[in-house]
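I have placed the structure first, in the form of structure tokens, so that the comments after it can refer back to it.
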Amino acid sequence: MARPSLPLLLLALGLAAAAKSPYQQVLQHSRLRGRQHGPNVCAVQKLIGTNRKYFTNCKQWYQRKICGKATVISYECCPGYEKVPGEKGCPAALPLANIYETLGVVGSATTQLYSDRSNLRPEIEGPGTFTIFAPSNEAWASLSAETLDSLVSNVNIELLNALRYHMVNKRVLTDDLKHGTTLNSMYQNLPIQIHHYPNGIVTVNCARLLKADHHATNGVVHVIDKVISTTTNSIQHIVETEESLETLRAAVAASDLNSLLESEGQYTLLAPTNEAFEKIPREMLNRILGDPEALRDLLNHHILKSAMCAEAIIAGLTMETLEGTTLDVGCSGESVTLNGRAIIANKDILATNGVVHFVNELLIPDSAKTLFELAQESEVSESMNLFRQAGLSSHLTGSERVTLLAPVNEVFKDKRPTVDSSMKNLLLNHIVKDQLSSKYLYHGQKLQTLGDKELRVFVYRNNLCIENACIAAHDKRGRFGTLFSVDKMLTPPTGSVMDVLKADHRFSTLVAAIQSAGLMENLNRPGTFTVFAPTNEAFRAMPQGELNKLMGNAKELASILKFHMADEILVSGAVSALVRLKSMQGDKLEVSMKNHVIHVNKEPVAESDIMATNGVIHAVSSVLQPQASRPQERGDEPADPALEIFKQASALSKVSQRNPRLAPVYSRLLAKMKENSGGF
């Protein structure tokens, strides 16, 4: 029989390793970290000040934190092994015994004791194959005296039922504990919910698996951190019966979500309490409750697509909601956090179709907010004050479909503009008709504003701009409006490039030069021009003779002016690294940004982004010169062929004097030099 090739063997081993469950992968990492202390030693992270321990993964090992709290590393025997006096590590496997005896050696002596009291002992000592999820000693001790008393009284029937609910009538190892599955318990076949998370945490009815896979002659023992109880109610039933969820109950009924919350599945409901609803401004709450679409978005934002037990959260992670949005779920010590805030009041209320956590603050998604409400969580408060002062609030709070281009607060750090009729008109041009999304904008797209202006969209490699203003943050899409935070006040174009230049006295010399060079018609036509416009001072800075010569030569003047123009629009927001722009003269213009100032061919731009209907103008304080027109340095002068030949001949003559074989070469060079120079 042919032996398998080495590559196939390695592939098989790789696939076998990849098939390990997340729990086994974390356990293996803990074993690797503990191997220096001997065989079968696992590194364990312990939260300082508590008895909570975790097998460590790579990230936790280096961070030395769980839920933001410091941990210490201890080294213990890996599950299934024990120490031997005088030997290093944990070289001995635990003796294989029945489940009853195994409970006493894996940290669940209290479960062993109650098995004896409830007459479960004969069953778990005898023949069969069982799995028991055994509460740790600390788990039993954490029960209230009232709960414990109710279990151990009543001729031990309740205690027996409780223990049998922790058991499954077959052998189940951690690799068999698949995420989102259920196991039928040995108490009336009631289900036990299993969740096996990517971080290696395994939960059983939201109780965390502490020590797993302890083999026994008649089954397997897993130690868990809580005493679990039966679950027979759906999420919807919990909402209907809990007094503190009265407002949520009415909202669920109004949005027809009842059937979802009682259907099969595995969801997490972040259930807002009555107190959470009361914290919201009455006007805002009434608006959402009266808007079926906004209300459904609000509720779906509180429902996660999978069941998430609090015990599984040991670091931050992002969870997707039914609304399609995401929430940052994390932890801080004992508290579970949502978007960085510890607002969960009661956690891990288990249901047949998931888990419920009570929250004392409402999580309002962007899709249920007005533009003004969106702006409260963005860096555009100064802009919103301007819109309010200009009497434009109705456009930003009603049901009108618009997109708001709101300059960020940084724009107004030096001076806040006065709101007059001119400013109101400008602000109207910051409100675009229709509700847009930036990911659907395309280069050259035209947008209509409430001020009856047409704005152009420019898509660059590193930015997305509308006229001179570029989007500074991800857009926020509200109920009827979308918020674009932009980096500048918008300046809508008012005329062609020539119209703008003629209207600005700084460019009177340039206008005359354009007319003289016959370029005026070109800059009046529709197009996409970028013009680096020399000011009057730029022309005056030229030597008078050079200026006169330039102005008297229409062809040369046209060439120089075309070197200042490009046939594509480049606003300052498009410039971060070096941009090479082909001028209409043919040479390249090098445009860069330095200290927040745009430069062209290393010359600073005096004023950028003067918008025109057919382009953009950047004022420059010097007349740019093409490479061929710049004064040549001595090292750049064209070489005299005869001089070059003479240099070569001189060098070769010295060599040829030492090497007779090079003499013919030297003779030919001398003849060629005479031919080029006409003799000596």
Side-chain angles (χ1 to χ4, degrees), residues 17-18 20-79 81 89-90 107 136 138-139 174-175 177 179 195-204 206-213 222-226 268 270 304 306-321 326-344 347-348 355 357 359 363:
K20 283 190 175 182
S21 67
Y23 172 84
Q24 289 295 339
Q25 291 176 30
V26 171
L27 181 62
Q28 183 181 24
H29 181 267
S30 290
R31 187 186 289 270
L32 288 172
R33 294 298 181 183
R35 63 186 174 182
Q36 61 181 338
H37 295 274
N40 305 312
V41 174
C42 284
V44 178
Q45 283 188 276
K46 180 180 178 182
L47 273 173
I48 296 176
T50 73
N51 288 321
R52 294 175 63 184
K53 297 179 181 179
Y54 297 82
F55 292 122
T56 181
N57 62 31
C58 189
K59 184 176 181 180
Q60 293 161 359
W61 174 263
Y62 287 109
Q63 289 184 341
R64 293 292 200 270
K65 287 185 178 181
I66 290 175
C67 286
K69 301 298 181 182
T71 62
V72 292
I73 302 294
S74 62
Y75 297 91
E76 303 178 357
C77 290
C78 296
Y81 296 91
C90 306
S136 66
E138 292 79 9
T174 49
D175 282 344
L177 298 175
H179 186 69
H195 292 98
H196 196 147
Y197 297 95
N199 60 8
I201 300 291
V202 180
T203 61
V204 181
C206 284
R208 181 166 65 92
L209 210 65
L210 299 178
K211 298 178 181 178
D213 295 340
H222 304 291
V223 181
I224 58 177
D225 71 345
K226 291 185 182 70
T268 299
L270 306 170
L304 304 181
S306 59
M308 177 54 67
C309 297
E311 281 295 334
I313 303 169
I314 56 177
L317 67 159
T318 300
M319 300 288 292
E320 188 176 0
T321 71
T326 57
L327 292 173
D328 292 329
V329 182
C331 53
S332 178
E334 297 291 328
S335 300
V336 178
T337 62
L338 295 172
N339 293 342
R341 293 149 63 192
I343 60 174
I344 292 184
K347 59 189 179 183
D348 286 346
V355 62
H357 306 294
V359 295
L363 303 167

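Nearest heavy atoms, H196 versus S21: CE1-CB, 3.4 Å. Here the closest heavy-atom approach between residue P198 and residue P22 is recorded as O-CB, 3.7 Å. Taking every heavy atom of both residues into account, Y75 and V41 meet most closely at CB-CG1, 3.7 Å. Of all non-hydrogen atoms in G333 and R52, the two that sit nearest each other are O-NH1, 4.4 Å. For T203 against C309, the heavy-atom pair with the smallest separation is OG1-SG, 3.8 Å. The two residues D348 and E311 make their nearest non-hydrogen contact at OD2-N, 3.9 Å.
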Problem - Stepwise side-chain contact (heavy atoms from CB on, under 4.5 Å) test for H222 and T174 - result: CA-CA 9 Å; H222 304 291; T174 49; 4.3 Å; yes

Handout entry: Chi angles and distances behind the side-chain contact (heavy atoms from CB on, under 4.5 Å) call for V329, T337
Key = CA-CA 6 Å; V329 182; T337 62; over 6 Å; no

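Looking at L210 and I224, their side chains never come closer than 4.5 Å, going by heavy atoms from C-beta outward. For the pair L338/I344, a side-chain contact is recorded, criterion being any heavy-atom separation below 4.5 Å from C-beta on. Looking at P79 and L27, their side chains come closer than 4.5 Å, going by heavy atoms from C-beta outward. The shortest side-chain heavy-atom distance between V355 and C206 falls under the 4.5 Å cut-off. Within the 4.5 Å cutoff, the side chain of I73 has heavy atoms near those of the R64 side chain. The shortest distance between side-chain heavy atoms of L177 and L209 falls below 4.5 Å. Considering only heavy atoms from C-beta on, L327 comes within 4.5 Å of L304 through its side chain.
Atom OG in S335 sits 7.0 Å away from atom NZ in K347 (nearest 0.5 Å). Here the straight-line distance linking atom CZ of R31 with atom CG of N40 works out to 5.0 Å at 0.5 Å rounding. Here NE2 of H37 is found 12.5 Å from SG of C77. Values are rounded to the nearest 0.5 Å. With rounding to the nearest 0.5 Å, the separation of CD in E138 from CG in N51 is 6.0 Å. The line from CD1 of I313 to OG of S332 is 12.5 Å long, rounded to the nearest 0.5 Å. Expressed to the nearest 0.5 Å, how far CG of N199 lies from CG of L317 amounts to 8.0 Å.
Taking the charged nitrogens against the carboxylate oxygens, E76 and K46 have no contact shorter than 4.0 Å, which rules out a salt bridge.
Within 6.0 Å of atom CZ in R35, 12 or fewer heavy atoms from other residues, nucleotides or ligands are found, so the atom counts as exposed in its surroundings. Taking a 6.0 Å sphere around NZ of K211, one finds it holds 12 or fewer heavy atoms contributed by other residues, nucleotides or ligands.
At distances below 3.5 Å, not a single donor-acceptor pair connects side-chain atoms of T71 with backbone N or O atoms of Q45. Listed for the S30 side chain is a donor-acceptor partner under 3.5 Å among the backbone atoms of T56. Judged by distance alone, with hydrogens and angles left aside, the side-chain atoms of Y197 form no donor-acceptor pair with the main-chain N or O of Y23 at under 3.5 Å. Of the possible polar contacts, none joining the H195 side chain to the H179 backbone as a donor-acceptor pair under 3.5 Å is found. With hydrogens and angles disregarded, a donor-acceptor distance shorter than 3.5 Å links the side chain of H357 to the backbone of M308.
For the residue pair Q24 and D213, a side-chain donor N or O sits within less than 3.5 Å of a side-chain acceptor on the partner. No side-chain N or O of S136 forms a donor-acceptor pair with one of D225 less than 3.5 Å apart.
Both tests hold for R208 against Y54: distance to the six-membered ring centre under 6.0 Å, angle to the ring axis within 45°.
As summarised for C78 and C90, their two SG atoms remain at a distance no smaller than 2.5 angstrom, missing the threshold.
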